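This is a predicted model, so every value here is computed, not measured.
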Amino acid sequence: MRKMIFTLLGVGALLGTSYAAQANSVLILEGYQAQAQMDDPAFREFSAERGQEFFSQNHTGGKPQTPSCTTCHTADPSGAGQTRAGKTIAPLAISKTPDRYSDFEKVEKWFRRNCTSVLGRTCSAREKGDFITFMKTR
Amino acid sequence: MLKVKALLWGGVFMMSQFSVAMADERYRPIDNPVVEKECGSCHMAFQPQMMPKRSWEKIMDGLDDHFGEDASLSADVSQEIRDYLVANAADAGWWSGKFMRGIKEGDAPMRITEMPYWVREHRKEVPARAWDDPKVKTKANCQACHRDAKRGYYDDD
């Protein structure tokens, strides 16, 4: 009986954590949505297809070592990536890493760094929103 | 008199600790969670005892282009990390750590693998083909061979 209660508590805690992570990622997306609309009043909604294209394509303007997101994250977002220094990167797909987009500062930090490395500029709110929207489908 | 005696014994004890510390390759594991997290995202967070203060200052001054990567941080996080690295650098203690051996005054290597002590320790023991192993990928990947490197244990060679 006691074991069962602990198991239930454990499952509850896990569900709670993943629910909180999802709620946070929704908030982050809403923030990007508002920003994207300010940038362009004609903007309607994020697109997983645009996110996928952005993720897969080779960009110019960034550092030669990192032409694409896939350089480090590989072409499959549900698989692990590898940094240039050999460290494993947790999958970008929300199905594999549920808390991936739940900490706004962390999300912003990595977009800032990686957009600079890959594109040589910061990413727009639309690009970030498309990106996360794509990762939610994976 | 008692005090003098205690001091002397303290000195003897410290010297014995010193010689023990010289004999093996152990470094204090990083005990600052911010340093551990931020420096350990893309590579293992290297123990600050492996480079002098001036090297860490240079590293922290150039995070925008950190070996070809944008590793920039917010100002407060950056300052906390800088303080920790400098306070625990190879030349931060009463006497210099072994990583200061052979380094010219004023030289500030940006890579631990360019420290004379590191070079000396790896030159004879590690054959060239070991570095070419795809699992190693880079000399910065201490853990490829030193499995407990993160905990500061490098004696497994």
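- Residues B/Tyr84 and B/Val86 do not share a hydrophobic cluster, clusters being chains of Ile/Leu/Val/Met/Phe/Trp/Tyr side chains in contact below 4.5 Å.
- Heavy-atom neighbours of chain B within the stretch residues 109-131 of chain A, taken at a separation under 4.5 angstrom, comprise A/Lys109, A/Trp110, A/Arg112, A/Arg113, A/Thr116, A/Ser117.
- Within 6.0 Å of atom CD in A/Glu45, 12 or fewer heavy atoms from other residues, nucleotides or ligands are found, so the atom counts as exposed in its surroundings.
- A/Val26 and A/Ile28 fall into different hydrophobic clusters, where Ile, Leu, Val, Met, Phe, Trp and Tyr side chains are chained together by heavy-atom contacts under 4.5 Å.
- Both B/Phe67 and B/Phe46 belong to a common hydrophobic cluster when Ile, Leu, Val, Met, Phe, Trp and Tyr are linked at side-chain heavy-atom distances under 4.5 angstrom.
- Hydrophobic clustering (side-chain heavy atoms under 4.5 Å, transitive across Ile, Leu, Val, Met, Phe, Trp, Tyr) groups A/Met135 together with A/Phe104.
- Both B/Met115 and B/Trp131 belong to a common hydrophobic cluster when Ile, Leu, Val, Met, Phe, Trp and Tyr are linked at side-chain heavy-atom distances under 4.5 angstrom.
- Residues of residues 76-97 of chain A having a heavy atom under 4.5 Å from any heavy atom of chain B, listed by number: A/Gln82, A/Thr83, A/Arg84, A/Ala85, A/Gly86, A/Lys87.
- Comparing B/Ala140, B/Ala71, B/Ser74 by heavy-atom pairs within less than 4.5 Å of chain A, the highest count is held by B/Ala71.
- Minimum interatomic distance between A/Lys63 and B/Asp65 (heavy atoms only, all atoms of both residues): CE-OD1, 3.9 Å.
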